[in-house]
Amino acid sequence: MTPDERRVVSPWNIANVLTVLRLALVPFFVVCLFLPGDGWRVAALVVFGVASLTDHLDGELARRYHLITDFGKIADPIADKALTGAALVSLSMLHELPWWVTLVILARELGITALRFVVIRHGVIPASYGGKVKTALQIAAIVLYLLPGVPEVLRWVVMGAALVVTVVTGADYVVRAIRLRQVAKRARAE
């Protein structure tokens, strides 16, 4: 066992602090979004942008400086879903995004999160490139909805792409989870 493997990482590290900050920014984002006027809309966009940047930054710091913790493994995806979920639900409540879009995306996100917990005893399914594309498209689509004056067709094209990639990567994750479970069953049978 190497010294790095024996090192205990405190849950109070910069990566986890950024994750908690992202969670704390969610209510501020929602409040700004519901206040009237373009100034508040831009404020909501800024808060959303800062929170989205912490998602990239916390993961990068955790990997680079070996700050990966059990808390981070659980809190990071929760913070991600809280931010995008709050944005989608809020936009639907404001009648700017159809509810069916929000419900499809949230069902996929919550379903895959639940599936992760079900298969974790068999192993961890690593994030795929498609998952990273999904996240980037969802953030880009939300940003376009938050920006005042963006043509509706552009919003729909990017949100449509985000929706398709969200569903496809969700199906891919289910297939990979089934394979992982089958491999684990065969390994136990041997």
Side-chain angles (χ1 to χ4, degrees), residues 3-34 40 42-93 97 102 105-147 162 165-166 169-170 172-173 176-177 180:
D4 280 343
E5 289 174 309
R6 282 182 270 142
R7 184 177 75 131
V8 175
V9 178
S10 168
W12 288 104
N13 63 61
I14 187 65
N16 287 345
V17 168
L18 288 171
T19 298
V20 171
L21 173 64
R22 184 164 65 260
L23 269 171
L25 287 173
V26 171
F28 292 105
F29 161 72
V30 171
V31 167
C32 290
L33 188 55
F34 278 92
W40 286 110
V42 171
L45 174 63
V46 169
V47 173
F48 183 82
V50 167
S52 295
L53 286 175
T54 67
D55 179 28
H56 174 72
L57 189 57
D58 67 2
E60 184 66 31
L61 290 170
R63 286 184 295 276
R64 181 178 296 167
Y65 297 108
H66 308 288
L67 300 174
I68 297 169
T69 64
D70 288 340
F71 173 80
K73 289 177 190 176
I74 294 169
D76 183 65
I78 290 171
D80 297 345
K81 305 312 182 247
L83 180 63
T84 56
L88 294 168
V89 167
S90 296
L91 288 167
S92 291
M93 289 176 72
L97 182 67
T102 296
I105 292 174
L106 290 181
R108 182 270 190 211
E109 298 297 343
L110 295 173
I112 295 305
T113 299
L115 184 60
R116 280 185 172 161
F117 285 112
V118 168
V119 300
I120 198 150
R121 62 191 163 120
H122 303 298
V124 175
I125 299 173
S128 67
Y129 176 74
K132 294 179 190 315
V133 171
K134 174 217 44 130
T135 300
L137 282 170
Q138 285 180 359
I139 290 170
I142 290 167
V143 165
L144 291 175
Y145 274 87
L146 295 175
L147 271 171
V165 173
T166 297
T169 57
D172 175 63
Y173 198 93
R176 292 192 298 151
L180 176 66

Side-chain heavy-atom pair D76, D80 within 4.5 angstrom cut-off
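Yes - at least one pair of side-chain heavy atoms lies under 4.5 Å apart.
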
Are D55 and T135 packed together at the side-chain level, in the sense that at least one heavy-atom pair is separated by less than 4.5 angstrom?
yes

To the nearest 0.5 Å, tell me how far [X] [atom1] sits from [Y] [atom2].
X: L67; Y: E60; atom1: CG; atom2: CD; result: 11.5 Å
X: I74; Y: R116; atom1: CD1; atom2: CZ; result: 12.0 Å
X: I112; Y: R176; atom1: CD1; atom2: CZ; result: 9.5 Å
X: T19; Y: I78; atom1: OG1; atom2: CD1; result: 10.5 Å
X: R63; Y: I68; atom1: CZ; atom2: CD1; result: 7.0 Å
X: L23; Y: K81; atom1: CG; atom2: NZ; result: 12.0 Å

Is it the case that over 12 heavy atoms from other parts of the model lie below 6.0 angstrom from the CZ atom of F71?
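Yes, enclosed.
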
Donor-acceptor under 3.5 Å (S92 side chain, L97 main chain):
yes

Are the side chain of T102 and the backbone of L88 linked by a donor-acceptor contact shorter than 3.5 Å?
yes

Where [X] and [Y] come nearest, the two heavy atoms and their spacing:
X: V165; Y: G130; answer: CG1-O, 3.9 Å
X: A141; Y: A162; answer: CB-CB, 4.5 Å
X: F48; Y: A87; answer: CE1-CB, 4.0 Å
X: L83; Y: A51; answer: CD2-CB, 3.6 Å
X: L146; Y: L33; answer: CD2-CD1, 3.5 Å
X: A43; Y: C32; answer: CB-SG, 4.1 Å

Take V89 and L106, measure what side chain to side chain contact (heavy atoms under 4.5 Å, CB included) needs, and give me the verdict at the end.
CA-CA 9 Å; V89 167; L106 290 181; 3.7 Å; yes

Output, in order, the C-alpha distance, side-chain angles, deciding distance and verdict of side chain to side chain donor-acceptor pair (under 3.5 Å) for T69 and N16.
CA-CA 8 Å; T69 64; N16 287 345; 2.9 Å; yes

Flag for E109-T84: side-chain donor and acceptor within less than 3.5 Å
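No, E109 and T84 have no side-chain donor paired with an acceptor closer than 3.5 Å.
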
Using only heavy-atom distances, determine whether the side chains of Y173 and R108 contain a donor-acceptor pair under 3.5 Å.
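Per modelled atom types, Y173 and R108 side chains form no pair under 3.5 Å.
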
Taking side-chain contact (heavy atoms from CB on, under 4.5 Å) as the criterion, tell me which of I142, V30, V31 meets it with S90.
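That would be V30.
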
